[in-house]
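I have placed the structure first, in the form of structure tokens, so that the comments after it can refer back to it.
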Amino acid sequence: MIIGIPKEIKVQEGRVAMTPAGVKELTRRGHTVYVQKQAGVNSNLPDERYLLAGAQLVETIEEVYALADMIVKVKEPLESEYKLIRKGQIVFTYFHFASDKKLTQAMIDSRSICIAYETVMDRQRALPLLTPMSEVAGRLSVQQGAKYLEKPQGGKGILLGGVPGVQPAEVMIIGAGVVGSNAALMAAGLGANVK
């Protein structure tokens with residue numbers, strides 16, 4: 001199979017869909033992997049590492065889509081990518097179809113094969129691709145909340161863990177799924193009173 005890894009074009013998205021180790025495993029098994037130049041640079045994965053792993057580098061996102069049987073991305077295709085996706089091409093990424101009617105219709109119209117990371121289940125019906133991202137989201141939510149409680153950010157000047165003589169902050173987590181549980185762990189780890 002020919003697999004394509006484009007550089008993500010969504011604003012502030014610095015991740016890349018596959019590491020050089022993933023490329024090496026795929027090429028070792030006989031697949032061809034095309035990686036757009038600089039796709040991994042914002043994840044501290046320079047082109048040289050992809051070349052050493054067996055990838056072939058291409059200049060443009062258009063080339064990646066044109067060459068590949070399967071596109072592997074981090075984020076959902078943006079509108080400028082819709083026209084690049086063709087009938088029968090597999091697109092493997094986080095899609096979040098329920099929140100984007102235009103994207104959903106574009107993928108239906110393309111007649112591509114869409115596999116959404118967030119719906120992939122293992123034999124135990126767990127979500128092995130969604131769970132780690134949900135863990136990150138829960139932990140970052142507390143980090144961001146703490147940042148916006150700081151005076152320089154326009155907050156009330158509250159330190160989550162308090163200081164001697166000042167009570168820790170009260171943090172309420174609504175929901176106890178993967179995101180909520182990780183947010184609670186993070187807030188408690190910072191010394192907040194968590195409910």
Side-chain angles (χ1 to χ4, degrees), residues 1-137 140 178-179:
M1 179 176 276
I2 301 171
I3 300 157
I5 314 296
K7 181 173 175 55
E8 296 293 327
I9 59 173
K10 189 166 188 172
V11 175
Q12 295 188 337
E13 180 53 71
R15 295 174 292 178
V16 62
M18 193 176 298
T19 64
V23 168
K24 186 173 185 176
E25 184 63 21
L26 288 171
T27 57
R28 184 181 72 78
R29 292 174 179 259
H31 300 287
T32 300
V33 180
Y34 288 100
V35 176
Q36 185 180 350
K37 286 185 178 178
Q38 302 292 298
V41 73
N42 290 328
S43 291
N44 199 30
L45 297 169
D47 289 343
E48 296 74 26
R49 289 190 53 195
Y50 285 99
L51 286 170
L52 288 171
Q56 296 180 47
L57 297 180
V58 296
E59 291 288 336
T60 68
I61 194 170
E62 292 82 7
E63 289 175 276
V64 174
Y65 277 93
L67 291 165
D69 302 316
M70 178 168 75
I71 299 294
V72 182
K73 291 179 47 61
V74 175
K75 295 301 290 174
E76 70 281 352
L78 297 183
E79 200 167 334
S80 63
E81 293 172 275
Y82 296 172
K83 67 185 178 300
L84 303 176
I85 299 167
R86 62 185 189 277
K87 178 181 178 181
Q89 189 171 47
I90 301 165
V91 183
F92 192 32
T93 190
Y94 284 106
F95 274 106
H96 308 292
F97 282 129
S99 64
D100 193 335
K101 184 177 180 179
K102 189 172 188 176
L103 169 66
T104 304
Q105 191 58 56
M107 294 305 99
I108 291 168
D109 293 345
S110 75
R111 300 184 66 194
S112 60
I113 301 164
C114 299
I115 304 172
Y117 293 152
E118 66 271 18
T119 63
V120 172
M121 289 185 188
D122 63 18
R123 289 189 175 109
Q124 291 74 41
R125 301 195 50 79
L127 300 164
L129 303 179
L130 180 61
T131 298
M133 294 297 103
S134 296
E135 290 170 351
V136 170
L140 283 176
V178 176
V179 175

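Along the sequence shown, the residues carry numbers beginning at 1. Scope of the values below: all heavy atoms of this structure, side chains included, with no hydrogens, waters or symmetry mates.
- Atom NZ of Lys75 has more than 12 heavy atoms from other residues, nucleotides or ligands within 6.0 Å.
- Distance check, rounded to the nearest 0.5 Å: CD of Gln36 to CG of Leu57 gives 10.0 Å.
- Of the possible donor and acceptor atoms, one in the side chain of Glu81 sits under 3.5 Å from a partner among the backbone N and O of Leu78.
- Every side-chain contact (heavy atoms from CB on, under 4.5 Å) that Pro46 has, sequence neighbours left out, goes to Glu48, Arg49.
- With rounding to the nearest 0.5 angstrom, the NE2 atom of His31 is 5.5 Å from the CD1 atom of Ile3.
- Of the possible polar contacts, one joining the Ser43 side chain to the Gly14 backbone as a donor-acceptor pair under 3.5 Å is found.
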Open item on the list: The test is side-chain contact (heavy atoms from CB on, under 4.5 Å); show your working for Met70 and Ile115 and say whether it passes.
Closed with: CA-CA 10 Å; Met70 178 168 75; Ile115 304 172; 5.7 Å; no
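- Residue Asp122 places its CG atom among more than 12 non-hydrogen atoms of other residues, nucleotides or ligands, all under 6.0 Å distant.
- Separation of atoms CD1 (Ile61) and NZ (Lys73) is listed at 6.0 Å; rounding is to 0.5 Å.
- Remark: Lys87 NZ to Ser112 OG distance equals 11.5 Å, nearest 0.5 Å.
- Checked by atom type and distance alone, the side chain of Glu62 never pairs as donor or acceptor with a backbone atom of Leu84 at under 3.5 Å.
- Minimum interatomic distance between Ser80 and Ile9 (heavy atoms only, all atoms of both residues): OG-CD1, 3.4 Å.
- Between the Thr93 side chain and the Val74 main chain, a donor and an acceptor come within less than 3.5 Å of each other.
- In terms of heavy atoms, Leu127 sits closest to Pro132 at O-CD, 4.5 Å.
- The neighbour count for Arg111 CZ, taken as heavy atoms of other residues, nucleotides or ligands under 6.0 Å away, does not exceed 12.
- Taking all atoms of both residues into account, the shortest heavy-atom contact from Gly4 to Ala68 is N-CB, 3.4 Å.
- Judged purely by atom type and a 3.5 angstrom limit, Thr131 has no side-chain atom pairing as donor or acceptor with the backbone of Val178.
- The shortest heavy-atom contact between Pro128 and Val120 is CD-O, 3.4 Å.
- Ion pairing of Glu8 with Arg15 is absent here, as no side-chain N (NZ or NE/NH1/NH2) approaches a carboxylate O to less than 4.0 Å.
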- [ ] For side-chain contact (heavy atoms from CB on, under 4.5 Å), just list the numbers for Ile85 and Ile71, CA-CA rounded to whole Å, side-chain angles, deciding distance to a tenth of an Å, and then say yes or no.
- [x] CA-CA 9 Å; Ile85 299 167; Ile71 299 294; 6.0 Å; no
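- Applying the ring-ring contact (aromatic ring centres under 6.0 Å, His included) test to pairs two or more places apart or on separate chains, those with a residue in residues 67-94 are Phe92-Tyr117, Tyr94-His96, Tyr94-Tyr117.
- For Pro20 against Ala53, the heavy-atom pair with the smallest separation is O-CB, 3.2 Å.
- For the residue pair Glu63/Tyr34, the side-chain donor-acceptor check at 3.5 Å is not satisfied.
- The backbone N or O of Phe97 lies less than 3.5 Å from a partner atom in the side chain of Thr104, making a donor-acceptor pair.
- Atom NZ of residue Lys7 and atom CG of residue Asn42 lie 4.5 Å apart, to the nearest 0.5 angstrom.
- Listed by chain and residue number, Ala116 satisfy the side-chain contact (heavy atoms from CB on, under 4.5 Å) test with Thr119 (two or more places apart in sequence, or in another chain).
- Residues Pro77 and Val91 come closest through the heavy atom pair CG-CG1, 4.3 Å.
- Here CD1 of Ile2 is found 5.5 Å from OG1 of Thr32. Values are rounded to the nearest 0.5 Å.
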